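Working notes, structure below.
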Amino acid sequence: MKKLKVGQIGIGHNHGEKKMLAVKKFPELFEVIGYAEENDRWIEKRGELGAYKDLTRMSVEEIIEKSDLVLIESDVWDLTKYAKMCVDAGKHIHMDKPASGTLEEYKYVLDTAKEKNLVVQLGYMYRYNPAVLKCLAHIKNGDLGEIYSINAEMSTFHGQKYKKWLTNFNGGIMYILGSHLVDLIVYIMGEPKNITSFLKHTGLDGVDFEDNNLSVLEYDKALARIFVSSVEVNGHGRRQFVVSGSKGTVNIVPIEPPTMTYSDTNITNQPYKNVKVDVSFDGYEQKGRYDDMVNDLYAYIMGTKENPFTYEHDYLVQKVLSDIVGGIRFHGKNID
């Protein structure tokens, strides 16, 4: 079995260490060559983390030159910059989310990768959530009928330090967490006909940014609602993805660890009773959050599996996200 040489650019992304640890779990697939980080402040903050302390620190150029595959885990505002360098050099990439730069710059990355037959995998982890995958299978099989409604929520009660970091991003928490939900909604429904956003500033803890947000995506017959908040106590426990159609409903609450119920017109015709089937996901806690993701990444590169999330899909996700938040812009580059 051929091993892929893997390097990582950046250690500043919140998911970066876990991605490197996931790759290290599969030495039969990946040979880790090292990492690059151009900001010494991140070396001070994270250089001694377990994922990196035994790795060689290299320059960005060295990582790109020596790797078959590059994990791009930099500060969010630099993701697309490094992705461009990698695809220009003919390297496959795993790029964390959401993308940065202008839509034109991001499109260049995706178009170049497609032209060169390079794999681009975005780090949207809910693509590998077993409850979400079960929901997508029900949709594909027609079990839910025509989709009329999606209700997606991804909230947290963030501390002041994290809130200050979120002030860097136009759209605040909607840009960072809402992107996960846009990814799934666009995959199911495509591009919305219209988008209406309500991006509110509560000012809690003395931090001013978009921390209490709702966006409504309109389709011909369907509505998709995205709610993302940094000020919801036990918001993590209420994260949800609910899809309802003419024949049935999937209700995932919370998303992690996945708890799902399913109901369709074969199960009930009772409009005023709670009739559903509980769906279990045994073994979820034993598997790493990114294990399937990095295994699929290997398969995509080796050509044994096709990425269902196309270049066109990934671009549309960023375009819709940009429309939701009023444009991709960065108010600062503060990591502290």
Side-chain angles (χ1 to χ4, degrees), residues 122 124-155 177-198 214-228 235-284 287 292-293 296 305-310 312-314 316-317 319-321 323-324:
L122 270 290
Y124 288 114
M125 70 276 186
Y126 287 161
R127 295 177 178 183
Y128 290 89
N129 180 287
V132 171
L133 290 174
K134 185 74 172 176
C135 175
L136 295 177
H138 280 303
I139 294 169
K140 183 177 180 180
N141 293 338
D143 300 330
L144 305 187
E146 184 176 1
I147 304 303
Y148 295 145
S149 171
I150 298 178
N151 189 61
E153 300 193 17
M154 190 175 179
S155 297
L177 293 190
S179 59
H180 289 280
L181 307 177
V182 173
D183 180 54
L184 298 180
I185 291 168
V186 167
Y187 186 70
I188 294 169
M189 302 297 295
E191 185 170 9
K193 301 285 186 181
N194 190 47
I195 295 172
T196 304
S197 294
F198 305 88
L214 170 69
S215 189
V216 179
L217 281 56
E218 297 180 54
Y219 294 87
D220 283 339
K221 299 180 183 178
L223 292 173
R225 299 170 299 283
I226 300 173
F227 179 73
V228 183
H236 194 278
R238 279 197 353 96
R239 291 184 177 186
Q240 61 191 267
F241 194 72
V242 183
V243 182
S244 183
S246 58
K247 295 181 180 179
T249 296
V250 165
N251 182 37
I252 305 169
V253 185
I255 300 177
E256 291 180 305
T259 301
M260 173 177 158
T261 63
Y262 173 81
S263 189
D264 65 27
T265 51
N266 294 315
I267 295 172
T268 181
N269 62 357
Q270 300 296 314
Y272 302 112
K273 290 186 179 180
N274 184 15
V275 184
K276 63 189 184 237
V277 173
D278 294 319
V279 182
S280 63
F281 300 95
D282 295 334
Y284 172 80
K287 183 180 288 187
D292 288 343
M293 180 180 283
D296 268 5
K305 192 171 185 179
E306 185 175 352
N307 186 356
F309 297 92
T310 64
E312 293 77 15
H313 166 81
D314 286 342
L316 183 56
V317 169
K319 179 179 180 295
V320 171
L321 181 61
D323 290 341
I324 286 172

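What you see is a predicted model, and the numbers here were worked out from it, not measured in a lab. Residues: numbered from 1 along the sequence shown.
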(message) Does Phe241 form a side-chain contact (heavy atoms from CB on, under 4.5 Å) with Leu184? I'd like the steps, not just the answer.
(response) CA-CA 9 Å; Phe241 194 72; Leu184 298 180; 3.8 Å; yes
Between [X] and [Y], what is the shortest heavy-atom contact and its length?
X      : Y      : result
Val253 : Asn251 : CG2-OD1, 3.4 Å
Ala222 : Met189 : CB-CE, 3.6 Å
Cys135 : Ile252 : CB-CD1, 4.2 Å

Once you round to the nearest 0.5 Å, how far does [atom1] of [X] lie from [atom2] of [Y]?
X      : Y      : atom1 : atom2 : answer
Asn274 : Thr261 : CG    : OG1   : 7.5 Å
Leu217 : Ile324 : CG    : CD1   : 5.0 Å
Ser263 : Leu144 : OG    : CG    : 10.0 Å
His313 : Asp183 : NE2   : CG    : 4.0 Å
Met154 : Leu181 : CE    : CG    : 6.5 Å
Leu316 : Glu191 : CG    : CD    : 5.0 Å

Would you say the side-chain atoms of [X] pair up with the backbone N or O of [Y], donor to acceptor, closer than 3.5 Å?
X      : Y      : result
Thr268 : Gln270 : yes
Ser244 : Thr249 : no
Ser246 : Glu146 : yes
Asn129 : Ala131 : yes

(message) Tell me which one of Val242, Ile255, Val132, Val250 satisfies side chain to side chain contact (heavy atoms under 4.5 Å, CB included) with Met260.
(response) Val250
(request) With Glu153 as reference, evaluate Arg225, Arg238, Arg239 under the side chain to side chain donor-acceptor pair (under 3.5 Å) test and give the passing residue. (result) Arg238
(request) For the residue pair Val317 and Phe309, establish whether any side-chain heavy-atom pair is separated by less than 4.5 Å. (result) no
(request) Could you tell me whether the side chain of Tyr219 reaches within less than 4.5 Å of the side chain of Ile147, counting heavy atoms only? (result) no
(request) On the 0 to 90° scale, with breaks at 30° and 60°, tag the Tyr126-His180 ring pair as parallel, tilted or perpendicular. (result) tilted
(message) I'd like to know if Asp314 and Arg127 make a salt bridge, using a cut-off of under 4.0 Å between side-chain N and carboxylate O.
(response) yes
(request) Identify, with sequence neighbours excluded, every residue that meets side chain to side chain donor-acceptor pair (under 3.5 Å) alongside Asp220. (result) none
(request) Carefully, step by step, assess Leu133 and Phe281 under the rule side-chain contact (heavy atoms from CB on, under 4.5 Å). (result) CA-CA 11 Å; Leu133 290 174; Phe281 300 95; over 6 Å; no
(message) Between Ser215 and Ile195, is the side-chain contact (heavy atoms from CB on, under 4.5 Å) condition met? List the steps.
(response) CA-CA 7 Å; Ser215 189; Ile195 295 172; 3.7 Å; yes
(request) Using distance alone, with no hydrogens and no angle criterion, decide if Asn151 and Gln240 have a side-chain donor and acceptor under 3.5 Å apart. (result) yes
